[in-house]
There are 2 protein chains.
Amino acid sequence: MLQKKTKYAIKALLALAKHYGEHRPLKTSEISKNEKIPRKFLEAIMLDLKKIGYVNSQMGARGGYVLIKHPEEVMLSNIIRSTGGPIALLPCVSLNFYEPCKECVSEEVCGLRDVILEVREASIKILSKTSLADILRRENKLLKKHTLH
Amino acid sequence: MLQKKTKYAIKALLALAKHYGEHRPLKTSEISKNEKIPRKFLEAIMLDLKKIGYVNSQMGARGGYVLIKHPEEVMLSNIIRSTGGPIALLPCVSLNFYEPCKECVSEEVCGLRDVILEVREASIKILSKTSLADILRRENKLLKKHTLH
DNA sequence: TAAATATACTACTAATTTGGTAGGAATTAA
DNA sequence: TTAATTCCTACCAAATTAGTAGTATATTTA
């Protein structure tokens, strides 16, 4: 499961992506209100996103955050990895959160690891080709579909 | 990430699967030693596996556990679901651990959920077609490959 | 029948992680 | 100069995880 932090980060980035190109930065209080994310928690998350390099901030009155990467270039897999936890189901197949499996005699000969590796690859295949822009497009598609009925 | 409990359960079931058909039950102390799983923890896990219906137990001296389902019929997806946690990355796409997403205005129109749904389906596709027997076969394959070099 | 050996059961516990909150300093616009 | 905002440090409570301890109960075997 993804952490709430990760989910909030994605939602916040999506909010910023919607306003990409505009000059007005978005305040955490706005995002917090619209996306229903606890304000103080969101503040901490935004600082992380800044450190990672996804967003820029403007301090002081009329300040806020803007997305600096192009929405087509911010991939879900990268957001997950850099804000939260691993995508893999076991540490022994995780690239970024790797830990050897103490119980295994040999990782190369572990049948379970072999399957879990396959699952990871299937997940990453999807997550690493999906950008913020893709998600917004999906949202529009779903909205059209939904309002037709 | 899978819980240790789940990983241990899978390892224990694999150990039993290797002896499927034999009449001698396996003791938790044996499994614990071979698979390097803490004994007391394993005892608790075996009780769970019994409740779930995967194994049968024999009390007393010369007792232990046997697998009662055929190794071809015990699927990884089911083990994970019944011993541990969800497979999905978000509660809003989990079948067995579903929880509505408070932040979402409408689940049907959530672009993020749409992607995560796809990831879940890809994962389940693999996990639900992989049985204990499959894992053992993979292990043999890997072993051959590995010892050739 | 007694001793040895297992599972079954009940009740804790310790460490870690998660999901925050509180309060104020620094910065900027009006 | 004041109001609004990000930035920073420190803390905290609840839940979860990964176990452990101790004992009751059942079964085999000598």
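Below, all heavy atoms of this structure are taken into account, side chains as well, without hydrogens, waters or symmetry copies. A note on names: the letters A, B, ... follow the listed sequences, proteins ahead of strands, and every chain is numbered from 1.
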- Winner on side-chain proximity to A61(A), out of dT7(C), dA4(C), dT28(C), is dT28(C)
- Separation of dA8(C) atom P from K27(B) atom NZ, nearest Å, is 15 Å
- Under a 4.0 Å N-O cut-off, is there an ion pair linking E35(B) with K7(B)? no
- Any Lys/Arg nitrogen of K125(B) or E121(B) sitting under 4.0 Å from an Asp/Glu carboxylate oxygen of the other? no
- 5'-most contact on DNA chain C: Y8(A) or R62(A), nearest heavy atom basis? Y8(A)
- Task: Go through residues 42-59 of chain B and report each residue with a non-hydrogen atom lying under 4.0 Å from DNA chain D, sorted by number.
- Result: Q58(B), M59(B)
- Would you say T28(A) reaches dT6(D)'s phosphate, i.e. side-chain N/O to OP1/OP2 under 4.0 Å? yes
- Task: Using whole Å, report how far NE2 of H23(B) lies from P of dT28(D).
- Result: 15 Å
- Item | Protein-nucleotide distance (Q3(A), atom CD; dT16(D), atom P), rounded to Å | 14 Å
- Message: Whole angstroms only, please: what is the CD-C1' distance between E30(A) and dT6(D)?
- Response: 14 Å
- Query: If you look at every strand shown and take non-hydrogen atoms under 4.0 Å, does S29(A) touch a base, only sugar-phosphate, or nothing?
  - Reply: nothing
- Message: If I take atom CD1 in residue I31(A) and atom C1' in nucleotide dT6(D), what distance separates them, rounded to the nearest angstrom?
- Response: 12 Å
- When rounded to whole Å, the CZ to C1' distance for the pair R39(A) and dT5(D) reads 9 Å
- Task: Answer with yes or no whether the side chains of E22(A) and H19(A) bring together a donor and an acceptor at under 3.5 Å.
- Result: yes
- Item | Closest nucleotide among dT20(D), dT17(D), dA4(D) to the K40(B) side chain | dT20(D)
- Query: Roughly, in whole Å, what's the span from CE in M1(A) to P in dT16(D)?
  - Reply: 12 Å
- Query: Between R113(A) and E118(A), is the closest basic N to carboxylate O distance under 4.0 Å?
  - Reply: no
- Tell me: CZ of F41(B) to C1' of dC12(C), nearest whole Å? 15 Å
- Query: Considering residues at least two apart in sequence or located in another chain, which fulfil the salt bridge (charged side-chain N to carboxylate O under 4.0 Å, His left out) criterion with E72(A)?
  - Reply: R137(A)
- Out of N78(A), D48(A), L132(A), which one pairs with Y54(A) under the side-chain contact (heavy atoms from CB on, under 4.5 Å) rule? N78(A)
- Query: Looking at E43(A) and K40(A), does any basic side-chain N land under 4.0 Å from a carboxylate oxygen?
  - Reply: yes
